[in-house]
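Below is one structure, written out as structure tokens; comments come after it.
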Amino acid sequence: MARVQVDHDAALQAERRDAARLLLTHPLVTATGDHAETFELIRRHADWLVAQFGQMFGYRLVVQADFARLYKAGLGPGAGHRLLRPGGAPFTPRTYAYLALTVAVLVTAPEQMLLSQVVTGVRAAAAEAGLRVDEPDSAAERRALAAALRQLVAWEVLSETEGSVGAYADDAGAEALVTVNREVARHLVAGPLAQAADADDLVRRAESSGHGGARVSVRRRLAEAPVTYLDDLTEAERGWLRANQRREARTFSELLDLVAEVRAEGVALLDRRDELSDTRFPDTGTVAQAALLLLDELVERLRPADAGTPAAGGRLVIGVPIPAGLVGEILADLCARHAGHWSGAYLEDRSRLQRDVTDLLARMRLVAPAGRTRADLTRGTDTAGPTLATGVQESDGRRVTDVRDARGQQTAAAGLVLLAAAARYRSQVVMPDRSQVVMPDRSRPVREQER
């Protein structure tokens with residue numbers, strides 16, 4: 001009987017974990033969509049999931065007969081997960097605008113509409129909102145609106161009863177009959193629209209952790225970002241993480257089957273199933289290959305020589321400024337060496353290659369724009385307390401890691417910073433002297449930050 005109970009408990013935990021992982025990756029899950037099988041698990045464990053997401057992340061979960069919606073919060077400016085078109089191109093601001101306008105139309109729309117009626121409604125909503133559409137019938141405007149409509153079809157807010165909304169991208173006179181799921185449309189918006197004064201204010205308000213404070217905000221960052229560096233956190237958050245990191249590692253493992261890698265520079269949650277990330281890296285394709293080879297060169301050239309663990313008296317190095325022109329120089333050399341294998345379009349347009357490569361690395365939190373970190377912005381450096389010999393800062397009676405200048409003295413200038421996790425992607429590891437290396441790499445065991 002004991003064995004049966006163990007198997008039952010393991011199966012129960014696995015079901016709940018699969019449901020939680022799916023919701024974290026796909027906050028809107030429908031009964032008839034691509035994840036219909038797991039939707040049944042969400043229904044079965046709805047009460048448990050509602051409690052877990054509420055307690056763990058401060059997220060509200062709504063589970064109804066035909067859909068489940070997890071209301072996830074944002075992480076602040078520049079930290080969102082962008083939507084992609086079927087071809088992989090990211091949504092433009094214009095596409096997002098059309099998406100919002102279409103949702104505004106659909107929440108009060110009749111059950112069925114012609115595509116032309118939807119387009120007319122969107123234009124009226126744009127005029128009411130004071131948004132300017134220069135040439136509403138232009139190909140660019142039609143493509144943007146069609147992309148938004150296709151996304152709503154993918155979310156099952158719209159069903160193509162007859163015809164296709166995608167046809168509008170190429171033909172302004174294309175017609176289709178769509179069925180509207182108003183209930184799902186009403187649950188799309190997660191941010192506090194009514195309280196926000198403008199778009200920037202909405203992003204800031206969505207970041208708020210409410211009564212959950214540092215506990216909730218740290219957990220959200222750990223779950224949503226590829227890597228959370230210490231200077232991504234406020235003093236209160238760093239203090240909370242330091243006190244709870246072992247317990248949090250166990251919690252994330254049990255709830256989401258994620259493995260916590262805790263280092264002096266920060267924390268990453270690793271997914272052994274490689275399912276939760278919306279960006280694959282390393283990967284195939286010119287941009288991903290160029291990015292991987294670029295990292296190898298940057299890590300080799302910029303490896304800090306005087307870094308160490310603060311708790312052991314070393315200097316914390318979270319990032320190293322990349323000299324101006326170095327990225328372009330390395331990419332030019334890589335293009336010459338791999339000209340026979342990489343995309344001709346990228347080889348002819350090096351600026352585009354550099355832009356897409358650095359964008360990929362920034363989304364993976366391997367490089368970042370130089371500038372003040374969230375720790376700087378939320379706690380002005382002029383109010384920082386004394387730094388102890390251990391590299392731990394005393395502030396308001398709490399001891400938190402000192403992160404001042406952890407990305408280098410030049411971060412106030414324009415440019416990029418190579419971040420610590422980049423060292424994971426080195427193709428070769430040479431460690432003549434362990435005391436001279438602080439960036440993590442695959443040859444080193446995981447060590448916990450500040451035991």
Side-chain angles (χ1 to χ4, degrees), residues 28 74 77-78 80-182 184-191 193 196-203 206 278-279 287 343 345-346 348-349 351-352 355-356 359-360 363:
L28 174 62
H81 293 264
R82 57 190 182 181
L83 294 172
L84 300 176
R85 295 188 182 191
F91 269 31
T92 63
R94 177 64 74 181
T95 311
Y96 281 113
Y98 275 126
L99 183 63
L101 291 168
T102 308
V103 172
V105 170
L106 297 182
V107 292
T108 57
E111 183 176 356
Q112 289 194 323
M113 299 179 71
L114 292 172
L115 176 58
S116 57
Q117 292 175 309
V118 176
V119 173
T120 300
V122 169
R123 290 177 180 173
E128 183 179 352
L131 299 179
R132 185 164 56 92
V133 180
D134 293 333
E135 299 179 27
D137 289 332
S138 70
E141 296 291 343
R142 290 202 313 273
R143 285 196 297 270
L145 178 53
L149 293 170
R150 281 194 291 260
Q151 183 62 60
L152 291 169
V153 170
W155 283 336
E156 297 192 42
V157 176
L158 290 177
S159 300
E160 295 170 312
T161 304
E162 186 175 331
S164 170
V165 299
Y168 181 72
D170 300 317
D171 181 4
E175 193 59 281
L177 178 64
V178 295
T179 299
V180 183
N181 189 328
R182 293 188 297 265
V184 176
R186 293 185 183 118
H187 283 81
L188 280 184
V189 178
L193 284 177
D198 51 37
D200 292 337
D201 188 35
L202 176 63
V203 172
D278 57 354
T279 303
V287 172
S343 162
Y346 277 118
E348 294 173 1
D349 189 348
S351 298
R352 179 187 169 204
R355 181 196 64 207
D356 289 355
D359 176 70
L360 172 60
R363 282 186 283 120

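The figures here come from the full heavy-atom set of this structure, side chains too, leaving out hydrogens, waters and symmetry mates.
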Search all heavy atoms of [X] against all heavy atoms of [Y] and return the closest pair with its distance.
X      : Y      : result
Ser164 : Ala176 : N-CB, 3.8 Å
Arg182 : Pro110 : NH1-C, 3.4 Å
Thr95  : Ala147 : CG2-CB, 3.8 Å
Val287 : Asp356 : CG1-O, 3.7 Å
Ala146 : Gly166 : CB-O, 4.5 Å

Does any non-hydrogen side-chain atom of [Y] lie less than 4.5 Å from one of [X]?
X      : Y      : value
Arg186 : Val107 : yes
Tyr96  : Leu83  : yes
Val103 : Val157 : no
Leu28  : Val184 : yes
Val178 : Thr161 : no

Note to self: Taking atom CD as the centre, does Gln112 end up with more than 12 heavy-atom neighbours from other residues, nucleotides or ligands that are less than 6.0 angstrom away?
What the structure shows: yes

Next item on the list: Examine the side chains of Tyr98 and Glu141 and answer whether a donor and an acceptor come within less than 3.5 Å of each other.
Entry: yes

Next item on the list: Please test Leu202 against Leu193 for side-chain contact (heavy atoms from CB on, under 4.5 Å), starting from the C-alpha separation and ending with a verdict.
Entry: CA-CA 7 Å; Leu202 176 63; Leu193 284 177; 3.8 Å; yes

Mark yes or no for whether [X], through its side chain, and [Y], through its backbone, hold a donor-acceptor pair below 3.5 Å.
X      : Y      : answer
Arg143 : Ala169 : no
Glu348 : Ala345 : no
Glu160 : Val165 : yes
Glu175 : Ser116 : yes

Check: Is there a side-chain contact (heavy atoms from CB on, under 4.5 Å) between Val118 and Met113 once you walk through the steps?
Finding: CA-CA 7 Å; Val118 176; Met113 299 179 71; 4.0 Å; yes

Check: Between Asp359 and Arg363, is the closest basic N to carboxylate O distance under 4.0 Å?
Finding: yes

Measure the [atom1]-[atom2] distance between [X] and [Y] for me, rounded to the nearest 0.5 Å.
X      : Y      : atom1 : atom2 : answer
Asn181 : Leu106 : CG    : CG    : 10.0 Å
Leu360 : Arg355 : CG    : CZ    : 13.0 Å
Glu162 : Leu114 : CD    : CG    : 9.5 Å

Margin query: Before you tell me yes or no, could you show the steps for Leu149 and Leu115 under side-chain contact (heavy atoms from CB on, under 4.5 Å), namely the whole-Å CA-CA distance, both residues' side-chain angles and the distance that decides it to 0.1 Å?
Written below: CA-CA 10 Å; Leu149 293 170; Leu115 176 58; 3.7 Å; yes

Notebook entry, point to check: Should the pair Arg82 and Phe91 be classed as cation-pi, given the thresholds of under 6.0 Å to the six-membered ring centre and 45° from the axis?
Noted result: no

